[in-house]
2 protein chains.
Amino acid sequence: MPKQSGTKAAVTTADRVWTVAAQLFREKGYHATTTRELAERLQITRASLYYYVDKKEDLLYGICVESLRRVSTAVDAALSDVVGPTERIRTLVCCHVVSMLTDIDMHATMLLDLHHLTGDQLREVVKARDAYQATVDGVIADAQSAGALRSSFSPKVASLALLNLMNWTITWYRPGGPLKPQQFAEVITDIYLNGASVPSELVDPTVCRPVAR
Amino acid sequence: MPKQSGTKAAVTTADRVWTVAAQLFREKGYHATTTRELAERLQITRASLYYYVDKKEDLLYGICVESLRRVSTAVDAALSDVVGPTERIRTLVCCHVVSMLTDIDMHATMLLDLHHLTGDQLREVVKARDAYQATVDGVIADAQSAGALRSSFSPKVASLALLNLMNWTITWYRPGGPLKPQQFAEVITDIYLNGASVPSELVDPTVCRPVAR
DNA sequence: GTCTATAAAGAGATAGAC
DNA sequence: GTCTATCTCTTTATAGAC
């Protein structure tokens, strides 16, 4: 996958190959996307497409690698100067969700189609994904050790629950809608940490109790 | 999709077609699964497979319809005699998650491959899915109206967060592991309602504060 | 209900010219 | 860098015998 140019140079075909592939892979899934469709959307022939990649699977591989590189880099950088265990969770969720929803084609492809890779490419990407998830596990386990998270569940389960809360979003989120990535990140952080229910001592029964019958 | 026999009759090929198709669809995805592999795993020829279904897409359609029928029926039945808003959320989550993780091949196929349907079959299944999600939305909105859930987020966002927490599980859960469906359902209900963090007034600083340096 | 045989279309990928 | 032309393999699906 080519580096994204920092200058305001024109978008080259070499760049578009990757973004358009990610678009199609998210829309239709990796296997249902044909090189014919991809070439058509790029306005080049199939043969020209093979000037940029050796094989279709290289597109999926490149997208997965770049997806994991971006989210890992962003999260690591954001966490580097945050010390409080709860604040580290907030930072992690915000960074992960904003990254995922900003480059949603790329990340949805990684999350949902990664398992279609084969051989060494599969092994390498799975390793990178596991390394990233170990970061998430670490933030949660540290928060639990520090007494910021409850200990009525294992750290692994607490981490899986957080990944659930973050990752399923890519199956329904539509950029351009009213809900901005950061807003949603704040809501799920709030729910994950504090829960969605009204704290019982704050309930005022004379106001909130539902009408009987 | 054939009705599941209530008696202890032998498992027929007509039944196995559906369970084995769901297995393969979850393992490899709908498009990556070939009728050759399916026939091979069923120990019949491809031609014989077409005695049971008219086309490959009918398998996906039947699996999606049955998945939604089962989870809707189970949840509706369980909710029918539960009145408390919080208890209705507990019941919903438990029922949804236990159903999903028990028949995981079927439900994972529905959740992840539903969009590969086309035409009327797609429209019908999407309608059934939206009807089920309206049930979830209703339980959440009612709880919020009753004052059991906080109002700092919209009911739709609260419902989406809950679906996140429940549905991503099918991407990583492996039946037979140490974590039982009901246990995990209880954990995510707890986190959704009460949050994962330690309630601040219960923190004992002399015990829980992390060691400095 | 299951088979052999085959049709018909769609897929990934390459050769070699410009 | 992009093209035309083509190869080769895979895929879904059907016809018709047993």
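Numbered from 1 within each chain, the chains take letters A, B, ... in sequence-line order.
- Closest contact between the side chain of A/Ser48 and the listed nucleotides D/dT11, C/dG1, D/dC3 involves D/dC3.
- Looking at the side chain of B/Lys56, the nearest of the listed nucleotides C/dG1, D/dT2, D/dA13 is D/dA13.
- Across the protein-nucleic acid pair, B/Arg36 atom CZ and C/dC3 atom P stand 15 Å apart, rounded to whole Å.
- Between A/Tyr61 and A/Trp18, the ring centre distance reaches or exceeds 6.0 Å.
- Rounded to whole angstrom, the span from the NZ atom of B/Lys55 across to the C1' atom of D/dT11 amounts to 16 Å.
- A centroid separation of less than 6.0 Å is found between the aromatic rings of A/Trp172 and A/Phe184.
- Judged by closest nucleotide on DNA chain C, A/Glu37 is the one of A/Asp54 and A/Glu37 placed further toward the 5' end.
- B/Tyr132 and B/His96 share a side-chain donor-acceptor pair at under 3.5 Å.
- A/Thr33 comes within 4.0 angstrom of the backbone, heavy atoms only, and of no base.
- Contact between the side-chain N/O atoms of B/Tyr50 and the OP1/OP2 oxygens of D/dA13 is found at a separation under 4.0 Å.
- Here B/Tyr51 reaches the OP1 or OP2 of C/dG1: one of its side-chain N or O atoms lies under 4.0 Å away.
- In this structure, the nucleotide among D/dC3, D/dT12, C/dT2 sitting nearest to the side chain of A/Thr45 is D/dC3.
- Taking every side-chain heavy atom of B/Ala47 into account, D/dT14 is the closest of D/dT14, C/dG12, C/dT2.
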